[in-house]
Amino acid sequence: MSHQKLARQILDLVGGKENVNSVFHCITRLRFKLKDESKIKTDELKNLDGVVTVMQSGGQYQVVIGNHVSEVYKEVTAIGGFSSKKSQGEAEVDEDKGNLLSRFIDLISGIFTPILGVLVAAGMIKGFNALFVALGWLTNTGGTYQILNATGDALFYFLPIILGYTAMKKFGGTPFLGIVIGAALVYPDLSTLTSGEPLYTLFAGTLFESPVFIEFLGIPVILMTYSSSVIPIILASFFAAKVERGFAKVVPSVVKTFLVPTLTLLVVVPLTFIIIGPIATWAANFVGQGTIWVYNLSPIIAGIILGAFWQIFVIFGLHWGLIPVAFNNLATQGFDPILSMIFAASFAQTGAVLGVWLKTKNQKLKTLSAPAFISGIFGVTEPAIYGITLPKKKPFIISCIAAGIGGGMIGLFGTKLHVMGGLGVFGFPSYIHPEEGMNSSFWGLVIAVLVATVLGFVLTYFFGGVNKNEAPLEKTKSKSNKSVTIDSPLKGQIVPLSEVSDKVFASEAMGKGIAVLPTEGRVVAPVSGIVTTLFKTKHAIGLTSDEGVDILIHVGIDTVQLEGEHFIAHIKQGDKVNAGDLLVEFDIEKIKEGGYEVVTPVIITNHSNFGSLEVTQVKSVDVSDHLIKVTEEKTVMVNENKLVNVRA
């Protein structure tokens, strides 16, 4: 299909050019901001020749095209008469961010996503520390316990400092101003001021009664406990970004470097302590008490609903809306019952995949099920959802039913989350009571997880529609065996593609391959061939080898948002390169400091043109080590005396 024809069809199926607020593209996807998403014909879009898949997230409608997305984008902008200034990875600055829910989801995900890895790590350490005490391996007065507790608890105690950085970055302000504001909120000397007698009391006899221990320029300051809090620093950062931009417009350039941050801090920090902090804390307490009240009305019904719909929330990105509620509950109540009720969902999904794996006679589906099952045990269910259960529909529905039953049981047992911890099997220590240890509510969680897993497996195995319209593969014979070896373009640790956080790569929607977690910021040519694509942001390179293998090297996840910062290209699109030639250099530490992952997928985008694809089994590689092998072998499968061509 021509690019122009594909562009016309895409525009028609998203509701026409009059339904498009803006469109830009990254290395593989057209990213639409639409006026009315009800006009989209998603199923027809997915079935278009030339469209890999579609995704909706944070008010953005993404049409995954592949390496030739830039050509399709040019036709889309030409046909629709759109401005192309946002193409090639430039920042999206459209004021229309979608509806209120989409804007909220985008906001929360942008603030919390950069810290998820270390957040999980800290929670796991705290959880396992509690487990070791419960098992009698440690005492809570010993040095080992204290150091492990400090390691796990530091992030949560100083959470306002960390969120100050990510929130300011999300709001478009200077991140280090957010750090200072957060640090002021948890400054130790201020917390000691509440130990004496108050000067006087505000709002005496009301719900908001507050003792006043200090004043600022004669204005009373209500001191709160801000450690582990979420809402106050997010609101303060939002206000700070606005104030900073205001001062930047009026302060002379010659003194702007130091005077803008000085004035911003002098305005924002006192106002945060006097107004923003107390109001946000009261609001947080209200939200915390409110969610507990709703939960107490019927924890069983709440568990069934949350458990059953959690995986659907994840697909549409709506789960982010509950994350700040959970953090707030942990800060104000010391526990959270909301996220506990969805804990069984990933296990229900894993059980369903196990049912598919053991029941199916389709070798390709069986091969995909094994790694999806393993990753599901550790709480990473995207490969299972997008690669197996959702396409087959019935297993996904069954997993939701099993998750709902598990969630209802968790609500019945009254299980609470005591710390944000790990995923999958690593999440169990997060539910150990810090004082009572592994009490009845903990064992209730274990029972609920087992029930959800078994139900997901049994119902899928017997009623999941597995093998329906699937051709069993019985005998094989091969033809030619010409192979092409793709060397590693980076030095680093091997990461299975299914473990990459980007769902499009993890589900192999873009193609098959593997990922490398680089230890050196250099990308070299893995083959001899032509540079067919070099993104303006330099984070992604497309190559076509002399043998016709199309290779995509995507440095990092969502690094398109860096707009080329920290990347240096040594080639240009259209260049002829030899294996081992330097393509791109990048600053690993700077990219990480920006909150981005540097794991780099190496994808064979036209893998279907080849008979088989094998990836290296080693754990680490150097540049030019063998990484992927593709062969032109076409395997012929015999099924009921019919010949069926099967590709990798």
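Residues: numbered from 1 along the sequence shown.
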K590, NZ: over 12 other non-hydrogen atoms inside 6.0 angstrom: no

Donor-acceptor contact below 3.5 Å, side chain K35 vs main chain E18: yes

N/O donor-acceptor pair under 3.5 Å between S227 side chain and V186 backbone: no

Under 3.5 Å donor-acceptor, Q573 side chain and L534 backbone: yes

Side-chain donor or acceptor of K169 paired with backbone N/O of G594 under 3.5 Å: yes

Plane angle bin for F343 and Y431 - parallel if under 30°, tilted between 30 and 60°, otherwise perpendicular: tilted

Check: E215/Y200 side-chain N/O donor and acceptor closer than 3.5 Å: yes

Heavy-atom pair with the smallest gap, counting every atom of G182 and I161: C-CG1, 3.6 Å

Heavy-atom donor-acceptor pair, D336 side chain to L417 backbone, under 3.5 Å: no

Heavy-atom donor-acceptor pair, N296 side chain to W293 backbone, under 3.5 Å: no

Under 3.5 Å donor-acceptor pairs involving side-chain atoms of residues 230-248, not counting sequence neighbours:
from	atom 1	to	atom 2	distance (Å)
S237	OG	I233	O	2.8
E244	OE1	T174	N	3.0
E244	OE2	T174	OG1	2.4
R245	NH1	F171	O	3.0

Main-chain N/O of N19 paired with D36 side-chain donor or acceptor, under 3.5 Å: no

Where E597 and S501 come nearest, the two heavy atoms and their spacing: OE2-OG, 2.7 Å

Cationic tip of K416 above F335 ring, under 6.0 Å, 45° of axis: yes

For L190 against A184, the heavy-atom pair lying closest together: CD1-O, 3.8 Å

